[in-house]
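Everything below concerns the one structure shown next.
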Amino acid sequence: MTDHATPNLPSRDFDATARFYAALGFVERWRDPDWMILRRGGLQLEFFPMAELDPAASSFGCCLRLDDLDGFYAACKAAGIPEASTGWPRLHPPRLEDWGGRVGYLVDPDCTLLRLVQNA
């Protein structure tokens with residue numbers, strides 16, 4: 001096994017979180033009352049319950065480093081996530097950043113920011 005990291009993110013409702021990410025191709029791999037693990041290929045997201053989370057005040061985030069940023073972004077759009085500058089969930093289209101990488105953004109229903117980074 002190679003070294004890897006898995007983001008630990010908040011969920012106000014495991015059922016709602018699982019449904020949202022299932023539309024993006026994530027499959028539930030584990031769940032008990034205190035933890036949920038979702039996987040899509042080599043991507044793994046782990047969630048803890050946080051019913052009291054105020055999404056408007058959330059500062060949670062992580063990076064998803066993707067071999068096919070455009071394909072993942074297309075899956076997000078196909079799932080009905082709108083491109084918008086406010087509200088959640090929402091998408092921000094991939095663009096070339098000043099540092100030379102392409103990055104898009106996904107904000108999930110709990111207002112967690114997922115940076116969608118194209119692997120070099």
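For the numbers below, each heavy atom of this structure counts, side chains included, while hydrogens, waters and symmetry mates do not. All values derive from a computational prediction rather than experimental measurement.
Partners of D32 by side chain to side chain contact (heavy atoms under 4.5 Å, CB included), not counting sequence neighbours, listed by chain and number: W30, D34, W35. Residues that satisfy the side-chain hydrogen bond (donor to acceptor under 3.5 Å, both in side chains) test with Q44, not counting sequence neighbours, are R39, E46. Here P93 pairs with Y73, E83 under the side chain to side chain contact (heavy atoms under 4.5 Å, CB included) rule; sequence neighbours left out. Legend: residues meeting side-chain hydrogen bond (donor to acceptor under 3.5 Å, both in side chains) with D54, ordered by chain and number and at least two apart, are absent. For P7, the side chain to side chain contact (heavy atoms under 4.5 Å, CB included) test picks out L9, L45, C62, with sequence neighbours left out. Not a single side chain to side chain contact (heavy atoms under 4.5 Å, CB included) links D98 to another residue, sequence neighbours left out. With sequence neighbours excluded, the residues forming a salt bridge (Lys or Arg N to Asp or Glu O under 4.0 Å) with D70 are R102, listed by chain and number.
By the criterion of side-chain heavy atoms lying less than 4.5 angstrom apart, applied directly or through intervening Ile, Leu, Val, Met, Phe, Trp or Tyr residues, F20 is grouped together with L64 in one hydrophobic cluster.
Separation of atoms OG1 (T6) and CG (N8) is listed at 5.5 Å; rounding is to 0.5 Å. Annotation: the span from C76 atom SG to L91 atom CG amounts to 5.0 Å, rounded to 0.5 Å.
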Pair up each side-chain donor or acceptor in residues 104-115 with any protein partner under 3.5 Å, not counting sequence neighbours, and list the distances.
unit_1	atom_1	unit_2	atom_2	d
Y105	OH	E97	OE2	3.3
D108	OD1	D110	N	2.8
D108	OD1	C111	N	3.2
D108	OD1	T112	N	3.0
D108	OD2	Y21	OH	2.8
D110	OD1	R12	N	3.4
D110	OD1	R12	NE	2.6
D110	OD1	R12	NH2	3.4

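Summarising the geometry of F47 relative to P10, their closest heavy-atom pair is CD2-O, 3.7 Å, with the distance given to 0.1 Å. Nearest heavy atoms, L66 versus L43: CD2-CD1, 3.7 Å. What you find for R31 and A18 is that their closest heavy atoms are NH2-CB, 3.7 Å.
Within the 4.5 Å cutoff, side-chain heavy atoms of M36 are placed close to those of T17. With contacts defined as side-chain heavy-atom distances shorter than 4.5 Å, the pair P55/W88 qualifies.
Judged by distance alone, the side chain of Q118 and the main-chain N or O of D67 form a donor-acceptor pair under 3.5 Å.
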